[in-house]
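Convention: sequence-line order gives letters A, B, ...; per-chain numbering from 1.
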Amino acid sequence: MTGLVRPQTLRGFRDLLPEEMLLRGEVVARITRVYESFGFVPLDTPVLETLPTLLGSGGEEADKQIFVVREAAKPVTAEGEATEFGMRFDLTVPFARIIAQYHPQQIKLPFRRYHIGPVFRADDPQPEQGRFRQFTQFDADIAGTSTVAADAEIVALASAAFEALELTAGSGYVIRVNNRKLVDAFLTGLGIEDGEVTKHVLRVLDKSDKITAEALRAELGEGRFDVSGDRIRGVGLAPELIDRLLAFVAVQQDTRAKTLDELAGLLPEGDPGVAEVREFLAHLEALGVSEASVKLDPGLARGLAYYTGTVYEATLVGAGVGSIGGGGRYDGLVSRFSDDPVAAVGVSIGIDRLLAGLSNLGISYGARRTTADAVVLVMPKVDPAEATRIAAELRAAGIATELYVGESVGKVGKQLAYANAQGFAVAVMAGGKEIEAGTVTIKDLQAGSESRAQIADNSEYRAAKSAGQFTVPRAELVATVTSVLNPQESDAS
RNA sequence: GCCGGGAUAGCUCAGUGGUAGAGCACCUGAUUGUGGAUCAGGAGGCGGGGGUUCGAUACCCCCUCCCGGUACCA
């Protein structure tokens, strides 16, 4: 290896090879169609933002996870802050910046946009669990709306996106929703007014489905030590309060409305949070969002600090990758950039986790390994330009075609092995025999493979070499390839 | 971040204080214009640095990376 650079991928980062990119493209296309069907328009922003844009926007945890970059030629100096940038850790903060920067000139409110792109977090990666330092988020947000009708739109949108991926509500995916105002109101009723304590409580509650009941209790009380010996700071609540709190967040009825009714009974009469959630649920109902797909869960919290009301989180059932999407209302975020407050709500789907989860579940949407349907082979002892002409003719007819240009030009077996490995549907051959007769040979690779699958003997297998292929007049090239690629259509015509 | 376990061929792994193997994958071939299986052959490796030793892939230390857990989160 002297002098050679070792090819390696950075820890927490990934290379996406063609097969994975093709599947990803299919998933993204399906979600895009859903987003656009709700009237969202595309937007893109740079991966880098100024540090002030990012710092403090997502809470302390988010700050610690920011990658800082600088120009190599401009070392950091005392007054050199301007040469340092931050890599975005989500797409929501850039969205808030965009609103503050372009409203009301170029952007009119309410504004609904979708945005797909990589985000970066410098935390401890665990690829097997779908946790990376670079990952792709696919967000949809609405700015300039404080009505919970928008919150419901966003949740319905997320649900529709998972439906478009052929996932089943309840058994395939579940979206849990909550409103921070409910827990806030409950804590206030218990006499806890300190915002920091409330945040801490929410963060602990968020783990309720991941840690044991005893551990949860300990974290709400005196704190505990985890298996590594780390001390986990407790909230310091009295045991009696913990009991009541745990009872509150455990409320779960068979419908969202019943769950809310029970929660309302534990809160002061006329609590505004309850009224807000009630209206939100009514909109969900009106949007036709099923009880199986979206559940009200008073224990749901979410980690990012900027959420102010409705929050939600989506999971793939049994996929073992954690949450694959989440979001909520963040009415204060634009205020960081502008005196003109703009309320906003949105959802973010984690594409990498979603794909990891789909892969664990064995779902692939029949995605292919190649973008071309046909491959044109270059036959021995003939003018290679003949193959080139055929490829051009197929492309002109709208058939995605690869011209074989590898080292095995003239070696039919090698080229067919390549065609097989790549997964092309059709191979086109025009050698000396065809050229002399004015014909072309088209091989249906799938049919040929199937018809020879049972042959064990080598010479017999070779004798059946022409399986699935037929030779037609050169003028019928396009029509024949088309009929192999689309058998139903040609049958009908 | 913290705790623990690992790192031998492209992948999954075996192995020994005297410089290494298997299966799968890959490449070549089996009357030259036909995919797979089979058969024959081939290529390819002890993560990086330091130490102990006559000698280290093996024993010790550091680094890097990976895995599991925990924390946090998408």
Sugar-phosphate, base or nothing in reach of K414(A), heavy atoms under 4.0 Å: sugar-phosphate

Rounded C1' spacing from G55(B) to U16(B) in Å: 14 Å

Separation of G10(B) C1' from L17(A) CG (nearest whole Å): 13 Å

Span that lies between the P atom of G15(B) and that of A9(B), in whole angstrom: 15 Å

Quiz item: cation-pi between R113(A) and F95(A), 6.0 Å / 45°: yes

Base partner of C46(B), which must satisfy Watson-Crick or wobble distances under 3.5 Å: none

Which nucleotide in G33(B), C73(B), G35(B) has an atom nearest any side-chain atom of R452(A): G35(B)

Nearest-angstrom distance from the residue atom CD of Q415(A) to P of U32(B): 16 Å

Sugar-phosphate only, base, or nothing, as touched by L354(A) at under 4.0 Å among non-hydrogen atoms: nothing

Sugar-phosphate only, base, or nothing, as touched by G431(A) at under 4.0 Å among non-hydrogen atoms: base

Touch class at under 4.0 angstrom, heavy-atom based, for A417(A) against every strand present: sugar-phosphate

Pairing partner (Watson-Crick or G-U wobble, both distances under 3.5 angstrom) of A7(B): U64(B)

Watson-Crick or G-U wobble mate for U34(B), both contacts under 3.5 Å: none

Test item: T53(A) side-chain N/O and E49(A) main-chain N/O as donor-acceptor pair under 3.5 Å: no

Most 5' of I455(A) and F135(A) on RNA chain B, judged by nearest nucleotide: I455(A)

Interatomic spacing from OG1 in T136(A) to CG in L355(A) - rounded to 0.5 Å: 9.0 Å

Sugar-phosphate, base or nothing in reach of G432(A), heavy atoms under 4.0 Å: base

Spacing between I349(A) atom CD1 and A74(B) atom P, to the nearest angstrom: 13 Å

Nearest-Å distance once atom P is located in both G42(B) and C3(B): 50 Å

No-H, no-angle donor-acceptor pair, Q469(A) side chain to U34(B) base, under 3.5 Å: yes

Any donor-acceptor pair under 3.5 Å from Y461(A) side chain to K465(A) backbone: no

Same-atom distance (P) from U8(B) to C39(B), integer angstrom: 29 Å

Closest to side chain of R462(A), choosing from G36(B), U31(B), G33(B): U31(B)

G-U wobble or Watson-Crick pairing nucleotide for C13(B) (cut-off 3.5 Å, both distances): G21(B)

Closest to side chain of S449(A), choosing from U34(B), G35(B), C73(B): G35(B)

d(CD, Q134(A); C1', A74(B)) in whole Å: 14 Å

Pairwise P distance, C60(B) and C67(B) [rounded to whole Å]: 24 Å

Spacing between K465(A) atom NZ and U34(B) atom P, to the nearest angstrom: 5 Å

Check: F13(A) ring centre within less than 6.0 Å of F132(A) ring centre: no

P atoms of G50(B) and G36(B), separation to the nearest Å: 46 Å

Length of the line joining Q137(A):CD and C73(B):P, which is rounded to integer Å: 14 Å

Contact check, side chains of Q137(A) and P118(A), non-hydrogen atoms, under 4.5 Å: no

Rounded interatomic separation in angstrom, taking CG from L416(A) and P from G33(B): 13 Å

C2(B) - base-pair partner by Watson-Crick or wobble geometry, distances under 3.5 Å: G69(B)

Closest-nucleotide ordering on RNA chain B, the 5'-leading residue of G448(A) and K411(A): K411(A)

Cation-aromatic face contact R329(A)/Y307(A), 6.0 Å, 45 degrees: no

G18(B) versus U28(B) - spacing of their P atoms, nearest Å: 38 Å

A22(B) versus U64(B) - spacing of their P atoms, nearest Å: 35 Å

Touch class at under 4.0 angstrom, heavy-atom based, for L377(A) against every strand present: nothing

Lys NZ or Arg CZ of R112(A) over F40(A) ring: under 6.0 Å, within 45°: yes

Rounded interatomic separation in angstrom, taking CZ from R133(A) and P from C72(B): 18 Å

Side chain of R353(A) - closest among G35(B), C73(B), G33(B): C73(B)

Watson-Crick or G-U wobble partner of G41(B), both distances under 3.5 Å: C27(B)

Any-strand Watson-Crick or G-U partner of C59(B), both distances under 3.5 Å: G51(B)

Under 3.5 Å donor-acceptor pair, R121(A) side-chain atoms to C72(B) base atoms: no

Touch class at under 4.0 angstrom, heavy-atom based, for E460(A) against every strand present: nothing

Under 3.5 Å donor-acceptor pair, Q454(A) side-chain atoms to G36(B) base atoms: no

